[in-house]
Amino acid sequence: MFNNIPTIAVIVPCYNEEEVLPETSKKLSDKLKYLMDNQIINDRSRIIFVDDGSSDNTWSLIENFHKDNSLLFDGLKLSGNRGHQNALLCGLLTVRDSYDAVISIDADLQDDIDVIDKMIEKFCSGYEIVYGVRSNRKTDNLFKRLTAHGFYKLMRLLDVNVIYDHADYRLISKKALNALAEYGEVNLFLRCIIPLLGFKTCIEYYTRKKRAAGTSKYPLHKMIKFAIEGITSFSIKPIRLITTLGILIFTISIVMIIYFFIRFFTGYTISGWASIACSLWGIGGLILFSIGIVGEYIGKIYLETKQRPRYHIEKQLTILES
């Protein structure tokens with residue numbers, strides 16, 4: 001149970017968001033001012049934009065927000081584009097000592113900011129992690145709905161603990177952030193790491209809106225890459241499936257050898273080469289596919305053993321000291 005008025009940070013990862021950022025900053029500032037005026041959060045609470053190496057005027061806008069209202073807006077600029085998950089992690093870990101809890105939200109205004117009130121209420125009643133979960137996918141096209149549902153079902157099938165229809169809209173307490181800081185892996189997939197933390201959690205449902213401006217930073221190829229990262233970072237079932245498949249194919253080959261011997265000694269011969277060619281192509285493709293899956297895991301081991309930094313902060317516009 002949280003007894004005092006909490007100090008909250010709202011972390012907003014940004015990559016080329018100059019079109020939507022003015023509206024985002026206005027709506028988030030109005031929300032925080034409302035919460036402060038009603039003594040729901042401490043007046044030391046802040047909105048912190050994290051610029052993930054944008055090539056447009058995103059950082060200039062963040063600097064202007066901070067200049068106009070340094071008591072509400074802070075900023076972090078990464079030295080290069082490190083990806084959404086690294087930018088988000090940078091914000092979370094940089095501010096964790098200065099705030100009681102942190103809320104992460106995307107800059108595109110699709111997540112319902114009114115859920116922030118409920119998240120803080122849950123936090124004050126004793127919850128360490130509050131997940132923002134979509135109540136439906138009506139704003140998505142048919143293809144995106146099918147692929148998203150397929151992804152979550154596949155993750156569950158592979159024994160990966162993931163919150164269905166949850167992205168990166170969540171509240172995390174300082175205690176949970178300190179636990180998150182102990183995870184040192186380079187291959188980040190926060191949607192699956194956060195559930196591993198444990199602690200007392202709950203879900204707040206909301207209806208996702210259409211993007212206010214700009215374009216999605218997750219086209220199809222990035223979504224596929226993101227899915228592969230999630231699967232190979234948290235499940236070894238694909239490798240076990242390869243082993244099972246190999247045993248199955250070997251068993252079938254033994255049966256086929258026995259069958260061919262019987263056909264040979266009974267005077268029947270196999271005519272044509274089509275079946276052999278198809279078998280060779282099929283097994284060859286399966287072998288290459290299997291090597292590719294194993295290669296994904298070896299590649300991750302390679303990256304992890306290097307222990308390279310996940311991000312570098314180039315500029316920082318004030319962050320409260322604890």
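Computation of the quantities below employed the complete heavy-atom set of this structure, encompassing side-chain atoms and omitting hydrogens, waters and symmetry-equivalent molecules.
Two residues are said to be in side-chain contact when any heavy atoms from C-beta on lie closer than 4.5 Å; Tyr99 and Leu177 fail this criterion. Between Ile48 and Val12, the closest side-chain pair of non-hydrogen atoms is not below 4.5 Å. Counting only heavy atoms from C-beta outward, the side chains of Ile313 and Ser79 never approach each other to under 4.5 Å. At a threshold of 4.5 Å between non-hydrogen side-chain atoms, the residues Asp52 and Asn86 do not count as touching. Proximity of Ser45 to Leu35: side-chain heavy atoms (C-beta onward) are nowhere separated by under 4.5 Å. Side chains of Asp112 and Thr207 form no contact here, defined as non-hydrogen atoms less than 4.5 Å apart. Inter-residue side-chain proximity for Val133 and Glu204 is flagged as unmet; no heavy-atom pair is nearer than 4.5 Å. Inter-residue side-chain proximity for Cys202 and Tyr131 is flagged as unmet; no heavy-atom pair is nearer than 4.5 Å.
Counting only distance, with no hydrogens or angles, the side chain of Asn42 and the backbone of Arg44 share a donor-acceptor pair below 3.5 Å. No donor-acceptor distance shorter than 3.5 angstrom exists from the side chain of Asn38 to the backbone of Ile40, with no hydrogens or angles considered. For Thr94 (side chain) and Gly91 (main-chain N/O), no donor-acceptor pair under 3.5 Å exists by modelled atom type. A distance-only check finds no donor-acceptor pair linking the side chain of Thr58 to the backbone of Ser54 [under 3.5 Å]. Looking at His66, its side chain does come within 3.5 Å of a backbone N or O of Phe73 through a donor-acceptor pair. The backbone N or O of Ala107 sits less than 3.5 Å from a side-chain atom of Thr24, completing a donor-acceptor pair. Listed for the Asp43 side chain is no donor-acceptor partner under 3.5 Å among the backbone atoms of Met36. Asp74 places no side-chain N or O within donor-acceptor distance of the main-chain N or O of Phe49, the cut-off being under 3.5 Å. A distance-only check finds a donor-acceptor pair linking the side chain of Ser104 to the backbone of Asp168 [under 3.5 Å]. Judged purely by atom type and a 3.5 angstrom limit, Ser29 uses its side chain to pair as donor or acceptor with the backbone of Ser25.
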Ile129 vs Ser173, test: side-chain contact (heavy atoms from CB on, under 4.5 Å). Steps then yes/no.
CA-CA 6 Å; Ile129 301 171; Ser173 70; 5.7 Å; no

Assess whether side-chain contact (heavy atoms from CB on, under 4.5 Å) is satisfied between Val115 and Val130, documenting all intermediate values.
CA-CA 10 Å; Val115 177; Val130 184; over 6 Å; no

Trace of the side-chain contact (heavy atoms from CB on, under 4.5 Å) decision for Ile11 with Val50
CA-CA 7 Å; Ile11 303 295; Val50 183; 4.0 Å; yes

Before giving the answer on side-chain contact (heavy atoms from CB on, under 4.5 Å), spell out for Ile8 and Val102 the whole-Å C-alpha distance, their side-chain angles and the decisive distance to 0.1 Å.
CA-CA 6 Å; Ile8 302 294; Val102 173; over 6 Å; no

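Ile172 and Leu196 fall within the same hydrophobic cluster, defined by Ile, Leu, Val, Met, Phe, Trp and Tyr side-chain heavy atoms under 4.5 Å apart, directly or through other members. Hydrophobic clustering of Ile, Leu, Val, Met, Phe, Trp and Tyr side chains at less than 4.5 Å, counting indirect connections, keeps Leu32 apart from Leu71.
Atom CH2 of Trp59 is separated from atom CD of Glu314 by 8.5 Å, given to the nearest 0.5 angstrom. Once rounded to the nearest 0.5 Å, the distance linking CG of Leu317 with CZ of Phe65 reads 12.0 Å. Atom-to-atom distance recorded for Ile113:CD1 and Tyr206:OH is 12.5 Å, nearest 0.5 angstrom. Atom CG of residue Leu61 and atom CG of residue Asp51 lie 10.0 Å apart, to the nearest 0.5 angstrom. Rounding to the nearest 0.5 Å gives a distance of 9.0 Å between SG of Cys14 and NE2 of His84. To the nearest 0.5 Å, atoms NZ (Lys174) and OG1 (Thr7) are separated by 8.5 Å.
Listed here is the closest heavy atom pair of Ile116 and Tyr169: CG1-OH, 3.4 Å. In this structure, Arg96 and Ala181 approach most closely via the heavy-atom pair CZ-CB, 3.7 Å. Residue Ala176 comes nearest to Phe199 through the heavy atom pair CA-CE1, 3.8 Å, listed as atom of the first residue, atom of the second, then distance. Of all the heavy atoms in Leu78 and Ala87, the pair that sits closest is CD1-CA, 3.9 Å. A pairwise comparison of heavy atoms in Phe123 and Asp100 identifies CZ-O, 3.6 Å as the closest pair.
With respect to Glu128 and Lys175, a salt bridge is recorded, a charged nitrogen being found less than 4.0 Å from a carboxylate O.
At most 12 heavy atoms of other shown residues, nucleotides or ligands fall within 6.0 angstrom of atom OH in Tyr205. No more than 12 heavy atoms of other residues, nucleotides or ligands sit less than 6.0 Å from atom OH of Tyr34.
A search for side-chain hydrogen bond (donor to acceptor under 3.5 Å, both in side chains) contacts involving Asp114 returns Lys31, not counting sequence neighbours.
For the salt bridge (charged side-chain N to carboxylate O under 4.0 Å, His left out) with Asp30, the qualifying choice from Lys33, Lys26, Lys27 is Lys26, the only one to do so.
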